[in-house]
Amino acid sequence: MMKLMIDAPKDGTPVLVKVKDDLSEFGVSSDGIGDTYLFCGLHAVMQSYGDIRGWSYVGPLGRGGFPDEWLEGWWPLPE
């Protein structure tokens, strides 16, 4: 069962998250700057340290800055 982002670990622990299907309420759209809209609906392994950087992908993907509000929920990774 997907858990609420408020309960997600903010100590750098990698977890599986789901980006919301529609981020337009946050000003993210296909006619905006960049390609952030391409992440809508994506499931990805991310981590957060609870600071201004927000959530970022685990691995050398160079993408981060996703706030809790953009994410629908999370699941722990298997041991």
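Model, not experiment: these values are computed from the prediction.
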Glu25 side chain near Trp70 side chain, heavy-atom distance below 4.5 Å: no

So, do Trp55 and Val19 sit near enough that their side-chain heavy atoms are less than 4.5 Å apart? no

Non-hydrogen atoms of Pro76 and Lys3 that approach each other most closely: CD-CE, 4.1 Å

Give the cluster check for Val45 versus Tyr49: same hydrophobic cluster or not, with ILVMFWY residues linked at side-chain heavy-atom distances below 4.5 Å. no

What's the shortest heavy-atom distance between Asp21 and Cys40, and which atoms? O-CB, 3.2 Å

So which atom in Gly54 and which in Ser48 form the shortest heavy-atom distance, rounded to 0.1 Å? O-OG, 3.6 Å

Looking only at non-hydrogen atoms, find the nearest pair between Leu71 and Lys20 and report the distance. O-CE, 3.9 Å

Taken to the nearest 0.5 Å, the spacing of Arg53 CZ from Gln47 CD works out to 8.5 Å

Taking the side chain from Trp74 and the backbone from Leu4, do they hold a donor-acceptor pair closer than 3.5 Å? yes

Heavy atoms of Lys18 and Gly41 approach each other most closely as NZ-CA, 4.0 Å

If you look at every heavy atom in Phe26 and Glu69, which pair is closest and at what distance? CZ-O, 3.3 Å

Name the orientation class of the two ring planes belonging to Tyr57 and Phe39 (parallel below 30°, tilted from 30 to 60°, perpendicular beyond 60°). tilted

Is any side-chain heavy atom of Lys10 less than 4.5 Å from a side-chain heavy atom of Asp68? yes

